[in-house]
J.: 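This is the structure I have questions about; it appears just below.
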Amino acid sequence: MNLKNEDFAFSGDTGDFELLQNDYKLSESALRFPNVNSILIPKKAQHNLRKHVSKPMLRTIDPNIDIAVEKCLVFLYNLASTYYTDSKWKPLNAVLLHKQSQNADNTFIYTKIIDVLTTGTNTGAFIEVDGSYQVGSQSKKFRLTETYLKAGLIEYIIQDAGIIANRNKLYYQQLHEAFQNPICSNLIAMYPKIDLPTSSELLNIGRKLVKEGRTTKKGKILTIRNKHLNSYWIDADNRSFVEDNIKLFEFLTGRGFMIPSAGDFHSGGRVVDSFTLMPSWIREQITSEGKKLTECDYSALHPNIAIKLYDGSLTYLTHGLVAEKTGIDLKDVKIEHLSFFNMKWDDMRKSLLFDYYAEHEPDMLARIYQDKNEHGHKITSQKMFAVEVAIMSAVIRDLNAKGVYVLYVYDALLCEEKDSELVAQTMNRIILEHGIKTTAKVSTTKENTPTSETNIDRKLERIVVAASNITHSLRVKNQILERLKNGEELIFVDAVIEFGKNDTMLDKVLKIYDKQNPEACYVSESFIKSA
């Protein structure tokens, strides 16, 4: 008898099981889920827990020593990611710790685990606890002691059925929550399309980028470690090491991708996954069907969100405009803008950008000061992140409805090149619907970037315009709107607007002749249509 999927139900007899095994889609579905039994723990941790920790202390966790040891190892696994972060301190939520370690009677065990790990052995503790913790402010922070940080990580397979059951529950809970979030569910749909480079390929690419003088977005110099310790470099803190980046990549992807997870109000609901946490130069090597992805991101998004939130007067602020007005190097402006609005007020005053905003947006700065003074200095970034997430959620919903799925990196989306124009147009439309005056730009890798403006023009049938030649004058905007109101037909043509090397956006532009500002000879359609 020839059965289709809809013709059978699982009744529990062996015939159903054989049918499942022979059905390709069903039998292979188990590959989609990670092995929750597998965790990464510090080397020597298991041995020292079993051999050198007080047995009476372990029995406060569980009468069975093996189970007590495994619960301690699960706690240590929470800190595995700190091997790859600059700060070794990590906040751990008490609710999560309870769910990981609870017994059948739901008793609180995690505090006993912390006691064991902080007491440690006669040679020292496994972990340290941050003493500055304040109830109701944030989760308590922990870090591995130097002994276990130096040891490195090793895989451990959990044996206890109760611990595995707890981890399964948490896994499916996180998966359920991910499907309720538009950004997360979009990511899950995108993951099957992703192809990753190998570690050896990344090492070769990293060596090439080092020779080219590549720096990170935060201005750190990409460097080959060659087995040297940090002390080999006087400026080690200002370097990002290729080999360390590759180890992080392996941690994030080697055993499957993380379930994307949305943060709480502290992060404005920003989503993190294996790709947001990945070094950007490695993320650039990701392919879909053998082709590099194209990045579409907003220009100076957070400064423009701040202007909207705190009633600033500027519109369409760009890093380039600030650099031009202040004489500060463009690269330094971009780096400063990454943290300027997130700083404490006293640190903002020391920033290279403070004088610019004090001169051009004094009232906005006063409102930011008042907000930080009343609610703490993080309130500004929390509000900006929330707006950012709302915008990106709306963009992704719109794209998904059209069958387009993307990788998400906070204010940027990575997509297939064929979808880049739709993605950029959608981002431009929705950002203006939220009242934020900025635009999306399309950045391509060197491999995909045409070698001349003529090539761009021929391939895309668009003119190429330097961003410095685009005006955002309200006077010009009002003149254009008046001409349109009077029924004059004005033709906006497709254009590639260049902000810098490999840094472009798509828009339509109108050529103008403005005696007061002759260098800015174009106006963009998105600016004219903005509220």
J.: Would you say the side-chain atoms of R283 pair up with the backbone N or O of F275, donor to acceptor, closer than 3.5 Å?
T.: yes
J.: Identify all side-chain donor-acceptor contacts of residues 400-410 below 3.5 Å with residues at least two apart in sequence or on another chain.
T.:
residue	atom	partner	partner atom	Å
N400	ND2	N186	OD1	3.0
N400	ND2	I396	O	3.4
N400	ND2	V404	O	2.9
K402	NZ	D398	OD1	2.4
Y408	OH	V271	N	3.4

J.: Looking at K220 and D237, is there a salt bridge between them, counting it only when a charged N and a carboxylate O are closer than 4.0 Å?
T.: no
J.: Could you please spell out the steps behind the side-chain contact (heavy atoms from CB on, under 4.5 Å) verdict for R167 and V74?
T.: CA-CA 10 Å; R167 289 178 59 76; V74 169; 4.3 Å; yes
J.: With a 3.5 Å cut-off and sequence neighbours excluded, list the donor-acceptor pairs that the side chains of residues 154-162 form with protein atoms.
T.:
residue	atom	partner	partner atom	Å
E155	OE2	S38	OG	2.5
Y156	OH	E70	OE2	2.5
Q159	NE2	I157	O	3.0
D160	OD2	G162	N	3.1
D160	OD2	I163	N	2.9

J.: Using atom types as modelled and distance alone, determine if a side-chain donor or acceptor of K71 lies under 3.5 Å from a backbone N or O of S101.
T.: yes
J.: With a 4.5 Å heavy-atom cut-off, do R270 and V389 have their side chains touching?
T.: yes
J.: Is it true that K90 and S81 share a donor-acceptor pair across their side chains at a distance under 3.5 Å?
T.: yes
J.: Is any side-chain heavy atom of S280 less than 4.5 Å from a side-chain heavy atom of T216?
T.: no
J.: By the ring-ring contact (aromatic ring centres under 6.0 Å, His included) test, which pairs, at least two apart or in different chains, include something from residues 48-71?
T.: H47-H52
J.: For this output row, return yes or no: ring centroids of Y148 and F126 closer than 6.0 angstrom.
T.: yes
J.: Go through the structure and list residues passing ring pair (Phe, Tyr, Trp, His ring centres under 6.0 Å) with H377, not counting sequence neighbours.
T.: none
J.: Without hydrogens or angle criteria, can the side chains of D371 and T380 be said to hold a donor-acceptor pair below 3.5 Å?
T.: no
J.: Does K55 reach the main-chain N or O of R50 with its side chain, forming a donor-acceptor pair under 3.5 Å?
T.: yes
J.: Backbone N or O of E417 within a donor-acceptor pair of the S420 side chain at under 3.5 Å?
T.: yes
J.: If every non-hydrogen atom of C296 is compared with every non-hydrogen atom of C415, which pair is closest and at what distance?
T.: SG-SG, 4.2 Å
J.: What is the minimum heavy-atom distance between A178 and I188, and which atoms define it?
T.: CB-CD1, 3.8 Å
J.: Is a side-chain N or O of S274 found less than 3.5 angstrom from the main chain of L252, in a donor-acceptor match?
T.: yes
J.: Does any non-hydrogen side-chain atom of I183 lie less than 4.5 Å from one of P260?
T.: no
J.: Can you confirm whether V36 sits close enough to L170 that some side-chain heavy atom of one is under 4.5 Å from a side-chain heavy atom of the other?
T.: no
J.: Compare every heavy atom of M57 with every heavy atom of V116, then report the nearest pair and how far apart it is.
T.: CG2-O, 3.7 Å
J.: Take atom NZ of K344 as the centre, draw a 6.0 Å sphere, and report whether it contains more than 12 heavy atoms from other residues, nucleotides or ligands.
T.: no
J.: Do T121 and K51 make a side-chain contact, defined as non-hydrogen atoms from C-beta onward lying under 4.5 Å apart?
T.: no
J.: Under the 3.5 angstrom rule, does the side chain of K43 hit a backbone N or O of G152 as a donor-acceptor pair?
T.: no
J.: With salt bridge (charged side-chain N to carboxylate O under 4.0 Å, His left out) as the criterion, how do E243 and K247 come out once you've worked through the C-alpha distance, each side chain's angles and the decisive distance to 0.1 Å?
T.: CA-CA 6 Å; E243 295 93 331; K247 287 179 182 178; over 6 Å; no
J.: Tell me which one of V95, L96, D115, L97 satisfies side chain to side chain contact (heavy atoms under 4.5 Å, CB included) with Y110.
T.: L97
J.: Side chains of I114 and F142, heavy atoms from C-beta outward: is any pair under 4.5 Å?
T.: yes
J.: Does any part of the side chain of R207, heavy atoms only, come nearer than 4.5 Å to the side chain of V242, both counted from C-beta?
T.: no
J.: If we only count heavy atoms from C-beta on, is the I224 to F241 side-chain gap below 4.5 Å?
T.: no
J.: Can you name the closest pair of heavy atoms from M343 and K372 and give their distance?
T.: O-NZ, 2.8 Å
J.: State which residues pass side-chain contact (heavy atoms from CB on, under 4.5 Å) with I335; sequence neighbours excluded, sorted by chain then number.
T.: K331
J.: State which residues pass side chain to side chain donor-acceptor pair (under 3.5 Å) with N168; sequence neighbours excluded, sorted by chain then number.
T.: none
J.: Test side-chain contact (heavy atoms from CB on, under 4.5 Å) on D273 and F257 and set out the steps.
T.: CA-CA 8 Å; D273 74 339; F257 303 156; over 6 Å; no
J.: Could you tell me which residues satisfy side chain to side chain donor-acceptor pair (under 3.5 Å) with R225, sequence neighbours excluded, listed by chain and number?
T.: N230, D244
J.: Should the heavy atoms of other residues, nucleotides or ligands under 6.0 Å from NZ of K44 be counted, would the total exceed 12?
T.: no
J.: Who are the ring pair (Phe, Tyr, Trp, His ring centres under 6.0 Å) partners of Y83, not counting sequence neighbours?
T.: none
J.: Check the pair K99, Q173 against side-chain contact (heavy atoms from CB on, under 4.5 Å), reporting the backbone distance first and the verdict last.
T.: CA-CA 11 Å; K99 288 182 178 179; Q173 178 184 334; 3.4 Å; yes
J.: Can you check salt bridge (charged side-chain N to carboxylate O under 4.0 Å, His left out) on E289 and K418, steps first, answer last?
T.: CA-CA 12 Å; E289 297 180 351; K418 65 181 177 62; over 6 Å; no
J.: Applying side-chain contact (heavy atoms from CB on, under 4.5 Å), name anything that partners T198, two or more places apart in sequence or on another chain.
T.: S200, E201
J.: Whether E416 and K291 form a salt bridge (side-chain N of Lys/Arg under 4.0 Å from carboxylate O of Asp/Glu) is what I want to check.
T.: no
J.: Shortest non-hydrogen contact from N304 to S299?
T.: ND2-O, 3.7 Å
J.: Check whether T145 reaches the backbone of A125 with its side chain - one donor and one acceptor, N or O, closer than 3.5 Å.
T.: yes
J.: How far apart are the C-alpha atoms of V69 and V53, what are their side-chain angles, what is the distance that settles it, and do they pass the side-chain contact (heavy atoms from CB on, under 4.5 Å) test?
T.: CA-CA 10 Å; V69 167; V53 169; over 6 Å; no
J.: Apply side chain to side chain donor-acceptor pair (under 3.5 Å) to T223 and list each qualifying residue two or more places apart in sequence or on a separate chain.
T.: R239
J.: Which residues satisfy the ring pair (Phe, Tyr, Trp, His ring centres under 6.0 Å) test with W345, sequence neighbours excluded?
T.: F354, Y369
J.: List in chain and number order the residues that pass side chain to side chain donor-acceptor pair (under 3.5 Å) with T287, two or more places apart in sequence or in another chain; answer none if no residue qualifies.
T.: none
J.: Do any N or O atoms from the side chain of K112 and from the backbone of D62 form a donor-acceptor pair under 3.5 angstrom?
T.: no
J.: Answer yes or no: is there a donor N or O on one side and an acceptor on the other, between the side chain of N428 and the main chain of A440, under 3.5 Å?
T.: yes
J.: Kindly give the heavy-atom pair with the smallest separation between F108 and T111, and that separation in Å.
T.: O-OG1, 4.4 Å
J.: Has Y298 got a side-chain atom pairing as donor or acceptor with E388's backbone, closer than 3.5 angstrom?
T.: no
